[in-house]
Amino acid sequence: MENNQNNGNNQNDAKPNEPKPFKRRPNPYRKPRNSNPQQQQQGQNPARENSGEQPKKKPQDFKNNKNKKNFNKPRNARKNTATVTEEMNISLEANRAVQEIRMNPFKKIDINNQSKVRFTPLGGLGEIGGNIAVLETEKSAIIIDVGMSFPDETMHGVDILVPDFSYLHSIKDKITAIVITHAHEDHIGAVPYLFKELKFPIYGTPLALAMIQSKFDEHGLKNDNSYFRYVTKRERYEMGDFKVEWMHMTHSIIDSSSLAIETPAGTIIHTGDFKIDYTPIDGFAPDLHRLAYYGDKGVLCLFSDSTNSHSPGFTKSESVVGKTFDNIFMTTKGRVIMSTFSSNIHRIYQAMNTATKYNRKICVIGRSMEKNVEVTRALGYVDINEKYFIEPHELAKYPDHEILVVTTGSQGETMAALFRMATDEHRHIKLKPTDTVIISAKAIPGNEASVSKLMNHLIKGGCTVHYQDVPDIHVSGHAAQEEQKLILRLIQPKFFLPVHGEYNHITRHAKTAVDCGVDERNIVLMSDGDQVEISTKYLKKVKTVKTGKIYIDNQNNTAIANDVVIDRQKLAEDGIINIVAQISQANQKIVGKPVVTSYGLVADREIKKFTGDISAMIETMLTAMKPEALNDHKAIENEIRNMVKRHVIKIKKRYPLIIPTIFIM
């Protein structure tokens with residue numbers, strides 16, 4: 001008994017050679033808990049060790065072992081019995097190496113490469129639209145897209161905004177090309193305005209260049225079509241230090257592309273605007289194979305569309321809209337009037353195709369819609385028999401149930417065809433209560449009020465309006481989070497720059513990238529004008545360049561000076577005051593009464609008192625002036641302006657435009 005106690009065993013335990021019948025058979029593959037031969041010689045029981053049964057401990061053992069991890073281990077806890085051979089270890093190491101390079105293919109990039117490139121967005125970050133960026137080395141540069149954006153409600157009389165091209169002027173000697181990803185206005189709309197200042201070769205797909213050609217015709221730039229360079233997808237085009245390849249991508253316009261750009265520092269992938277549509281209308285799915293090919297080679301940096309980065313899941317296929325159209329056409333007895341973006345040819349084609357199914361004639365109304373349909377039909381993207389098309393003046397020849405009108409104005413633009421129909425100002429179409437209007441588009445941020453106003457006009461006219469009340473009447477052309485993750489996993493870049501969107505969009509996209517394995521230190525959040533330098537070792541902001549917007553009047557395609565727009569804003573917000581007065585130089589008094597007119601500031605019933613106050617202030621000012629001061633008209637007018645300004649701020653808390661006109665007699 002004493003011997004058993006000295007070895008930590010209970011006096012009732014079995015001897016080594018006489019195991020009790022209920023004990024489990026020792027596992028020959030399990031290592032004894034104590035393999036020290038000296039301890040075994042001292043009387044420890046190998047059978048007990050192997051069976052997993054714990055010996056009873058003395059009080060001092062509890063005291064000595066109370067901090068050990070296994071103190072509370074269950075009495076019959078099992079040990080790991082797996083046998084790992086040398087061959088297994090070799091295979092495990094080999095698989096770990098494969099996984100490492102598979103998940104981090106950018107490690108194939110030569111880290112000793114000393115080259116670097118710079119990326120500068122001049123538009124499209126901190127906003128929706130207006131996309132333009134510059135990629136450059138020390139010797140050459142390319143421009144990626146030249147897009148326009150829309151004004152907000154404070155920019156009175158402004159139709160579109162185009163980027164400030166100041167930075168392009170500063171590097172014009174090394175710019176080798178303009179690269180176009182697709183034909184949306186926010187990517188090509190400002191090309192004619194750039195060409196009025198600077199001209200470079202333009203590379204793009206046939207549809208994108210055809211759309212630009214149409215714009216050049218409007219702007220008197222027909223001779224500049226010689227700068228067009230038509231590209232074939234999956235072929236590389238050399239532009240100075242860069243080699244660019246177009247890869248097919250799905251979006252809300254035909255023939256969109258992502259870009260693979262080989263630079264001296266490494267390969268850069270630019271997704272352009274995109275979504276992953278596995279069942280596109282034309283059957284051309286996104287070229288994921290090519291993206292994966294570049295990803296496996298090792299991509300230095302990924303630029304990716306962030307517009308829908310807050311949307312979970314997947315963006316629905318464009319094809320679901322066609323089913324919605326079919327349901328509406330099937331139950332509609334009167335005319336169908338469908339409005340969408342004029343560049344969304346797949347949406348337009350689906351509406352037209354549904355019309356032919358139900359024996360409806362197609363009337364296209366709206367200048368941009370007519371041009372885009374004409375171009376895409378000429379290029380073979382839209383295959384609708386000519387017999388289905390009619391002109392606006394022919395509408396009266398057909399019964400209402402045989403008519404589809406495809407028109408512009410889905411954003412509530414006051415000059416667009418749909419708004420003129422809604423306000424009974426269109427010369428060919430007068431809306432009827434039997435008409436069904438489909439607005440197959442989502443309001444661009446900032447246009448919500450305009451769309452709401454349009455809806456009110458249409459509903460007051462008695463029309464049936466389908467906007468957001470019907471599921472799948474519109475789907476986005478931009479990738480949701482799961483599609484963004486797919487691109488990130490296909491490319492597995494070393495560095496990541498989220499582009500295209502407001503700051504909250506690129507911030508959310510950056511979080512998605514981190515979830516997909518991109519090191520957060522290898523991500524930079526940019527704003528327009530930020531210049532980022534990219535090398536094999538780092539990604540960092542190096543400086544900020546001048547950016548801005550030029551205001552454009554579409555009626556004559558000319559720029560509006562900044563101070564004119566500011567004056568319009570001031571007039572709209574604070575009004576204007578005109579003061580005309582005659583002053584006698586002999587007695588330094590006002591001759592008669594000053595004429596005071598005000599717009600947007602003083603109500604008609606208050607103008608008499610307001611005029612009296614200004615007259616009294618001018619009289620007081622003249623009394624205090626020296627006689628020789630009357631010789632300076634400008635000085636007197638400035639004094640009156642400042643005096644009236646202080647008075648108006650005091651009584652109205654406004655800052656109107658004040659125009660005094662003084663005549664000295």
Return the [atom1] to [atom2] distance between [X] and [Y], rounded to the nearest 0.5 Å.
X      : Y      : atom1 : atom2 : value
Lys453 : Phe419 : NZ    : CZ    : 4.5 Å
Tyr467 : Ser452 : OH    : OG    : 9.0 Å
Asp145 : Asn131 : CG    : CG    : 6.5 Å
Met247 : Thr181 : CE    : OG1   : 11.5 Å
Leu161 : Ile550 : CG    : CD1   : 9.5 Å
Ile188 : Met148 : CD1   : CE    : 10.0 Å

Just do the side-chain contact (heavy atoms from CB on, under 4.5 Å) check on Leu497 and Ile506 with the steps written out, would you? CA-CA 8 Å; Leu497 290 176; Ile506 65 172; over 6 Å; no

What pair of heavy atoms forms the shortest contact from [X] to [Y], and how long is it?
X      : Y      : value
Ile276 : Pro286 : CG2-CG, 4.1 Å
Ala422 : Leu454 : CB-CD1, 4.0 Å
Ala141 : Glu136 : CB-CB, 3.5 Å
Arg420 : Thr414 : CG-O, 4.1 Å
Pro163 : Gly147 : CD-O, 3.3 Å
Val375 : Ala210 : CG1-CB, 3.7 Å

Check whether any side-chain heavy atom of [X] sits under 4.5 Å from a side-chain heavy atom of [Y], and report yes or no.
X      : Y      : answer
Arg508 : Thr512 : yes
Ile390 : Ile403 : yes
Ser256 : Phe274 : no
Phe314 : Gln481 : no
Tyr349 : Ile254 : no
Leu418 : Thr408 : no
Phe150 : Ile444 : yes
Gln350 : Ile281 : yes

Got more than 12 heavy atoms from elsewhere within 6.0 Å of [atom1], [X]?
X      : atom1 : answer
Tyr237 : OH    : yes
His289 : NE2   : no
Asn385 : CG    : yes
Lys541 : NZ    : yes
Lys316 : NZ    : no
Lys215 : NZ    : yes
Met415 : CE    : no

Is a salt bridge present between [X] and [Y], judged by a nitrogen-to-oxygen distance below 4.0 Å?
X      : Y      : value
Asp287 : Arg234 : yes
Lys108 : Asp296 : yes
Glu245 : Lys233 : no
Asp515 : Lys485 : no

Side chains of Asp472 and Thr324, donor plus acceptor under 3.5 Å: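 Per modelled atom types, Asp472 and Thr324 side chains form no pair under 3.5 Å.
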
With no hydrogens and no angle check, just 3.5 Å: does a side-chain donor-acceptor pair link Glu402 and Tyr358?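 Their side chains do not contain a donor-acceptor pair, so the 3.5 Å distance test is not met.
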
Lys275: which of His478, Gln484, Glu483 passes side chain to side chain contact (heavy atoms under 4.5 Å, CB included):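 Only one of His478, Gln484, Glu483 forms a side chain to side chain contact (heavy atoms under 4.5 Å, CB included) with Lys275, namely Glu483.
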
Would you check if the distance from the ring center of [X] to the ring center of [Y] is below 6.0 Å?
X      : Y      : answer
His500 : His187 : yes
His184 : Phe341 : no
Phe195 : Tyr227 : yes

Strictly distance-based, threshold 3.5 Å: is any side-chain N or O of [X] a donor or acceptor partner for the main-chain N or O of [Y]?
X      : Y      : value
Arg347 : Val475 : yes
Arg489 : Cys516 : yes
His310 : Asn504 : yes
Ser339 : Thr407 : yes

Begin with the C-alpha distance, continue with both residues' side-chain angles, and end with the deciding distance and a verdict on side-chain hydrogen bond (donor to acceptor under 3.5 Å, both in side chains) for Ser306 and His509. CA-CA 6 Å; Ser306 305; His509 201 176; 2.9 Å; yes

Apply salt bridge (Lys or Arg N to Asp or Glu O under 4.0 Å) to residues Asp326 and Lys357 and explain how you reach the verdict. CA-CA 9 Å; Asp326 193 275; Lys357 177 180 176 180; 2.6 Å; yes

Can you check salt bridge (Lys or Arg N to Asp or Glu O under 4.0 Å) on Glu374 and Arg377, steps first, answer last? CA-CA 5 Å; Glu374 180 183 340; Arg377 289 183 69 200; over 6 Å; no

Going through the checks in order, is the salt bridge (Lys or Arg N to Asp or Glu O under 4.0 Å) test met by Lys511 and Glu520? CA-CA 8 Å; Lys511 291 179 181 177; Glu520 63 182 347; over 6 Å; no

Could I get the full list of side-chain contact (heavy atoms from CB on, under 4.5 Å) partners for Ala355, not counting sequence neighbours?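 So Ala355 forms a side-chain contact (heavy atoms from CB on, under 4.5 Å) with Phe329, Arg360, Ile362, Leu404.
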
Would you sort out whether Thr354 and Thr356 count as a side-chain contact (heavy atoms from CB on, under 4.5 Å), showing the intermediate values? CA-CA 5 Å; Thr354 307; Thr356 63; over 6 Å; no

Please table the atom pairs, donor to acceptor, closer than 3.5 Å between any side-chain atom in residues 259-272 and protein atoms at least two apart or in another chain.
| from | atom 1 | to | atom 2 | distance (Å) |
| --- | --- | --- | --- | --- |
| Glu262 | OE1 | Arg236 | NH1 | 2.9 |
| Glu262 | OE2 | Arg236 | NH1 | 2.6 |
| Thr263 | OG1 | Ala265 | N | 3.2 |
| Thr263 | OG1 | Gly266 | N | 3.1 |
| Thr263 | OG1 | Gly266 | O | 2.6 |
| His270 | ND1 | Gly272 | N | 2.9 |
| Thr271 | OG1 | Asp305 | N | 3.1 |

Output, in order, the C-alpha distance, side-chain angles, deciding distance and verdict of side-chain contact (heavy atoms from CB on, under 4.5 Å) for Asp164 and Thr547. CA-CA 6 Å; Asp164 185 329; Thr547 60; 5.7 Å; no

Assess the residue pair Lys361 and Glu391 against the criterion (salt bridge (Lys or Arg N to Asp or Glu O under 4.0 Å)); give the C-alpha distance rounded to whole Å, side-chain angles, the decisive distance to 0.1 Å, and a yes or no. CA-CA 10 Å; Lys361 298 295 183 182; Glu391 296 297 322; over 6 Å; no

